[in-house]
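Below you'll find the structure, written out as structure tokens, and then a few comments.
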Amino acid sequence: MDLIVALGLIIFKVAFLIAILLLLPLPLTWLERKIAGHIQQRLGPMRVGWHGLLQPVADGIKLLTKEDHIPDEADRFLFKLAPILALAPPFVVFVAIPFGETVSVLGAEITLYVSNMNVALLFVFAVIGIEVYGVIFGGWAANSKYAVLGSLRTCAQMISYEIPMGFAVIGVVMLAQSMSLLEIVRAQADVWNIVYQPIGFLVFFVAGLAEAQRIPFDLSEAEGDLGAGFHTEYSGIRFAFFMISEYAVVLLVSVLVVILFFGGWNGVLIPLPPLLWFLLKVAFFVYLFIWFRFTFPRYRYDQLMAIGWKVLLPLSMANIIITGIVFS
Amino acid sequence: MTATALFQSALASLPEIVVITGACILLILGQLVGKGQGHVFVWASVAVVLMAALGTLMLASEVRPAYTGMFVADGFSVFFKFVFYIATVLTFFLSRKYADIEGIESSEYYVLLLFALSGMMIMASATDLLSLYVGLELMVLCTYVLTGFLRREPRSNEAALKYVILGAVSTAIFLYGVSLIYGLTGTTQLDGMAAAVTGDPLDPGLLLAVVFIVAGLVFKVGAVPFHMWVPDVYEGAPTTITAFMSVGPKAAGFAVILRVFLNPLVAASDAWLVVAVIAVVTMALGSFVALVQDNFKRLLAYSSIAHAGFAIFGVVAGSADGTASVMLYLLIYSMMNLGIFGIVIMMRNGDFSGEIIEDYAGFARSHPGLALLMLLYLFSLAGIPPTAGFFAKFYVLVALIERGFVMLAVIAVLLSAVAAYFYIRIVMVIYMREPQRAFDPALTPLVRATLAFTALGTLGIGLFPERFLRLAQGAVFGG
Amino acid sequence: MSGMEFLPVLFMAAGIVLVAMTTLFVSSLLRPSNPYPAKNMPYECGMDPSGEAAGGRFRVPFFILAILLVVFDVEAMFLFPWAVVLKEIGFIGYVEMFVFMLLLIVGFAYAWLKGALEWEE
Amino acid sequence: MGLPLLSLIVFTPAAGAVVLLLFRSEDAVRWTALAITVLDLALCIAMLAGFDQSTHQMQFTEIHPWVPTLGITYALGIDGISALFVFMTALLGWICVLASWVAINSKVKEFMVSLLVMQALMLGVFCALDLFLFYVCWEAMLIPMYLIIGVWGGDGRVYAAFKFFLYTLAGSLLFLIGVIVLYFHGGRTFDILALTGQDLPFWVQSWLFFAFLIAFAVKVPMVPVHTWLPDAHVQAPTAGSIILAGVLLKMGAYGFLRFSLPMLPEASVYYSTLMLALSALAIVYGGLLALAQDDLKKLVAYSSISHMGFVTLGVFALNLRGLEGGILQMFNHGITTGALFLLVGLIYERTHTRNIPDYGGLMKVAPVYTAFLALFTLSSMALPGTNSFVGELLVLSGGFAANLAAGAAAVVGALLSAAYLLGMFRRVALGPASIGARFKIRDVNAREMAAILPLAVFVLWVGLYPKPFLNIIDVSVKHLLAQVLTKGSGQ
Amino acid sequence: MVPLSWYILLGVILFVIGAAGVLLRRNILVVLMSLELLLNSVNINFVAFGRIYDDFRGQIFAIFVIAITAAEVAVALGIVVALVRNKSTLKVDDVTMMKG
């Protein structure tokens, strides 16, 4: 009986997560456009709904009903597989993400996470790694020069930044003595990791920007010179999958930054509910992402690689060595 | 692990540490020093090896277990390490000019050899399957790369590819055996493994595991049924690397086989039968196939298979004498094989490849001294007294017959008579043919030194084997 | 216990694939389908595509990058468990890993000096 | 003890070989080689002068540890049997040098080095008192001999050299196994004297006997494994043939005497009939083949097989006359056949043909040469008054005593030898001087005379007054026989 | 709890598939993937056994296997690149200049 309840709860949580994550891009695109507009001294979408609020919905319907176009030369199977491969990993990662300790709903204690893995951090990196397959398959299967080049670049970029990202969190693991995200947050009850791990945070955040392929590291999509990168040939709903995936990654990176370096749901000074604290912090970083997009220029590709390998990686290694000697 | 234990362990593995540190320094240094500084790397690498040898000598006095039973510095490993040092240093000497001629000279070449050396040293000292595996892989990874070092030469690429694929398969088989051992005995230490099986009749699962492990190791020494890579790799690899591989990694493979087989695990089983079959088939194949080779490197490849077969006979004998005989065999084989390869390497000059046996026609007429050396090496390889090659075989036979394997001994000598045929065929070519063309061997002082050293070893050990015999026996008996 | 931790992963994966499939299905009911050769050509800014998209140059830098990733990513695998227990194993444990890191840095420095990190399009 | 005479004898040629490597001039090489061999012969004569004929004990013994871990020693020593062979080896050594004075005109230095190394090893074989040392010398001989045949031989030299090498190698490797088995059965020693006293089980003896038999039979050679010999002889240069016939073939028989009989007495007695049969076969078969030859060298080579059959027949007759005859016959064969090869070589240098029909009437153009040829031919067919007569007579009487059929076969062999040798002599030397028409033939010169004359002296000396030679071996043979018969009769 | 035999069976199946792939497939890249299968079957064994014995050694061994295999594959791919530059083929059969 307990088992069934537990299973039901899990299924419910999973369904809830999927729903949230699928719907979240709607407000996010709207926000992005609005913020972009205001930064650039214009209004952004205004026509559909109040201040363009329904614009994302319209976009969604458009994408849903648009012709699904597959080039003749394409490898059809991989072409169809790639968007799903790109879509799934960020969603799956959220299974391991805690949003808080517990809340009481109708008298029952419900945990604010789906699963508390003892190796959650490894799991996150492992699953995020799969994202690369979606990118590379997508570009390869389209069999278009732009797509292939774009996918190779994206792939190179993602794997380049994965390394400093992975190295950057080792300091956090040392502090928490655990790879469980829950434990990591609990370990920050008094002091947030950002205090001890400023370098780690810097590296992680910058790498996260690159991982999410956001400006200033959005070389892969570089509309200016590569068409649209690896998803040049995608249209309609399949293209939408890539978009959703991208927003999910943005969200994910923000969430991870908050959990790993900014104390998760631990608040300071103002006694807000933990979940609210958490969401506020996440919202801040999501805003940061959007803000960066419209304030920074794009790097050149060689600069991009140089930053990853020659700056972030040594920094993160130094971070490990220094943190290690301090905390061992 | 306490600080003292760590320090003791580091001390015990000092030679390895020296080699690896030296290799790392050279790796970085190599990028900072300009091109055309080949001699710097040769001498620096030699210095590293000499330092390691010094360290080994200083530590040779006692048995030092290290790293919580994963590693041991004992007489056995010291003996093998010296074989490795000799092989590596001589390879350095031979490589200098050859690398220049082939256009493959770079610091990486020497660094990889040093890393391979460290891998072999770890193999010789490993007492845990994990450290064994790490050493093994360190060694083979370097040899994979070195095999393919002639980047513009498709033959070299192909050899490397074959080597890497077959090598990986053999590693996988070896690991599968290890995983079974771990599953059945709950330990990966050689001692613990042995303790888990002594007394009882052998579990079939364990036998399977042993067979898997043996199969993996057999690959490294190039014995049947995992010999097929040997000729291709030997032919395709740069000749210096071929020389190195035929000596160093082979000896390392045997070091491991002996370590595993010295344990009661195999002593308690009928595994010797499997090994005996391997030995016979290996030797037969190597000897007979070598008969029809025209390419010198291929011939030497099959010859090395045959020699591996003969050495495995010593493993079959299994006793202390058998172990010592294999060790002595490897030492002697290193000498004579590096000598003969030294000649082949030296012949590579200008447009002359020196790989075809017929190329050597009439060599004795223009270069009587070198031909005499070649004669010495070849007769030593054939096992004719008073060369060291004879004593090596003799001692293996003594060990075999001591254990009562007279029939195996008879088979071994008959096959070695077959093998003798192709060695003296080369003698025939160099002494009894008219020269087809002028020879211009790339004789540098380093090559001369190598040839002199190996010749001295080949003749010296043959005439005065006592000291070396004692060394080998001491390495076994003394723990 | 251990099974339950990873069960949600399965649910999530199945769920998201299901949703994606459903969306695709719904979309296939709604969307038009009108392919013709010109539309199905790969996009090349309006030029007729020539040659194989992937058959061109084999970009070695990408490959080197992949190898670097493999090396570093796998080494990170050793760092994680070590980081978890660092406090228990103390300074000795740190020294041991420091040696490992040092070797890693040597490799990294070599790659850097060798120019593997220089990106030339 | 004083001077290590045997070591001096053994190592003089070896040291000489090293010295030769330093020379450049071919003539200097020749003269030095000659000097060394003569010096060696002088040492041997000195050794014989000091030899005590009244004891079977090993004399001039030297024992030094070599590989003590395995019980290997450097042990030299001689008794009557080996003394004779040491002397013969030294005697033939300088004759070989003379024989190759002009015959070898390319790579003279290498040739002389090989020759000297060869001699050192042969002496080592006869002097060795340690099985390991014996084996090392025994097998190491393959290297210089292979080169002598292969480099300086005739047209088919490569094939011949290979055949020689592989036959002997295969045989001696089995011998090696036997040696090691003996080592363990005999209490981990390679000391030949220690091993002779052993009481090994009969089955061990049988196995060892056959292992040894293969090695020795190849060297002798006995019939089924003789085929390398004609090739090797024909293709080898004159000096090579002389060494082969004079010394190398003796080693097989020496092996029987030194190892098979004393160490494996029961097996030796048990299988003596078989050995007699093989010997008889060799005598008759070799003779018949010689009869059919048109090639001078081949004829002599096959006659060797036949004559060596006499030797083994005598040895395995296992009685005093047979043994003494066999040993004496070994010495005789060395002298006579060596001389015959020398003569063939000399004439070949002049005519460059060995085909008997090409010759004829040699007597008229080269009377001195023909006289020597006559003497050695008669010696080879055992005419009374020549050396072989004594030996063959002893063998025959021993053979008849041991086995009637074997003796009869030996008589047939003797008759056959008369037939082919006289036929050869007639066709070569008598008749019209057709040969002079085609070749310009000069008679023997002083150098050649110096080489032949000593051999002729020995032919007549042994033929007319064999006692000194028999005295040398007498005590040792009696001791050997006693060993074999006391142990072997227990069977 | 999943019984041990299931893990071993999975390992065996993977091993067989991998071995078959190495032996039968002709594309070098596929061969390399099959090699990975072989090694992963080993890893499954190690981890499963380690779990049974409640011993870390199995996991440690598996981590080492993964790491070293990565290096091995890196080397293999490097060689493949060199080969492709020289011959531009990925078929094992095309790579047979030498007799063996």
Side-chain angles (χ1 to χ4, degrees), chain B residues 128-131 133-134 136-138 140-142 144-145 147-169 171-189 227-236 293 295 298 301, chain E residues 4 7-8 11-12 15 18-19 22-23 28 31-32 34-50 52-55 57-58 60-62 64-65 67-69 71-87 89 92 94-100:
Chain B
D128 187 290
L129 289 168
L130 180 56
S131 45
Y133 169 62
V134 172
L136 183 82
E137 284 297 308
L138 185 50
V140 292
L141 282 176
C142 296
Y144 294 154
V145 178
T147 303
F149 223 76
L150 297 170
R151 262 170 305 179
R152 313 240 170 277
E153 178 87 42
R155 222 168 42 155
S156 179
N157 301 147
E158 183 189 326
L161 188 66
K162 273 187 182 157
Y163 191 26
V164 83
I165 288 178
L166 290 171
V169 173
T171 307
I173 293 172
F174 169 80
L175 280 174
Y176 200 80
V178 172
S179 77
L180 286 182
I181 289 275
Y182 176 64
L184 292 168
T185 66
T187 176
T188 54
Q189 286 204 320
H227 63 279
M228 33 328 178
W229 60 277
V230 178
D232 286 353
V233 172
Y234 276 30
E235 189 188 338
Q293 299 302 323
N295 183 303
R298 274 187 101 77
Chain E
L4 176 66
Y7 291 111
I8 298 176
V12 170
F15 195 85
V22 171
L23 293 176
I28 293 168
V31 168
L32 289 177
S34 305
L35 277 173
E36 288 293 310
L37 276 187
L38 282 176
L39 289 155
N40 282 334
S41 88
V42 172
N43 285 342
I44 287 173
N45 272 3
F46 271 122
V47 174
F49 288 135
I52 292 299
Y53 288 114
D54 203 12
D55 176 24
R57 217 178 296 230
I60 292 170
F61 218 120
F64 271 89
V65 170
I68 292 173
T69 308
E72 206 163 22
V73 169
V75 169
L77 285 175
I79 292 165
V80 170
V81 170
L83 192 71
V84 166
R85 286 181 145 195
N86 279 336
K87 302 196 72 169
T89 178
V92 172
D94 296 346
V95 198
T96 44
M97 279 177 55
M98 288 179 285
K99 283 180 258 177

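Because only heavy atoms are used, hydrogens play no part in the values below, and waters and symmetry mates are left out as well, while side chains stay in. Letters A, B, ... mirror the listed sequences (proteins, then strands); counts begin at 1.
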Report the option among B:Val145, B:Thr188, B:Ile173 that has the most heavy-atom pairs separated by less than 4.5 Å from atoms of chain E. B:Thr188
Specify which of E:Val75, E:Leu38, E:Ile68, E:Leu4 makes the most heavy-atom pairs with chain B at under 4.5 Å. E:Ile68
Full working for side chain to side chain contact (heavy atoms under 4.5 Å, CB included) between B:Arg152 and B:Asn157: CA-CA 8 Å; B:Arg152 313 240 170 277; B:Asn157 301 147; over 6 Å; no
When the 4.5 angstrom heavy-atom criterion is applied to B:Leu129 and chain E, the contacting part is both
Proximal component of E:Val65, with respect to chain B [non-hydrogen, under 4.5 Å]: both
Please answer whether the main-chain N or O of B:Thr147 pairs with a side-chain N or O of B:Ser156 as donor and acceptor at a distance below 3.5 Å. yes
Under a 4.5 Å heavy-atom cutoff, which of B:Ala168, B:Gly186, B:Gly183 has the most pairs with chain E? B:Gly183
Among E:Ile44, E:Asp55, E:Val73, E:Leu39, residue most engaged with chain B (heavy-atom pairs, under 4.5 Å): E:Asp55
Return the option, out of B:Tyr133, B:Tyr163, B:Tyr182, B:Trp229, with the maximum number of heavy-atom pairs under 4.5 Å with chain E. B:Tyr182
Can E:Ile28 and E:Leu83 be said to form a side chain to side chain contact (heavy atoms under 4.5 Å, CB included), step by step? CA-CA 11 Å; E:Ile28 293 168; E:Leu83 192 71; 4.2 Å; yes
Donor-acceptor contact below 3.5 Å, side chain B:Tyr144 vs main chain B:Ala160: no
Chain B contact via E:Phe46 - which portion, at a heavy-atom distance below 4.5 Å: both
Using a 4.5 angstrom heavy-atom cutoff, name the option from B:Val169, B:Val164, B:Leu175 with the most pairs to chain E. B:Leu175
Check whether E:Ile60 gets within reach of chain B through its side chain, its backbone, both or neither, counting any heavy atom under 4.5 Å. side chain
Below 4.5 Å, heavy atoms only, C-beta onward: do B:Thr187 and E:Arg57 meet side chain to side chain? yes
Please classify the contact between E:Val47 and chain B as side chain, backbone, both or neither, with a heavy-atom cut-off of under 4.5 Å. neither
Quick check on B:Val178 against chain E: is it the side chain, the backbone, both or neither that has a heavy atom closer than 4.5 Å? both
For B:Tyr176, enumerate each residue passing the ring pair (Phe, Tyr, Trp, His ring centres under 6.0 Å) test, keeping only those at least two apart in sequence or located in another chain. B:Phe212, E:Phe15
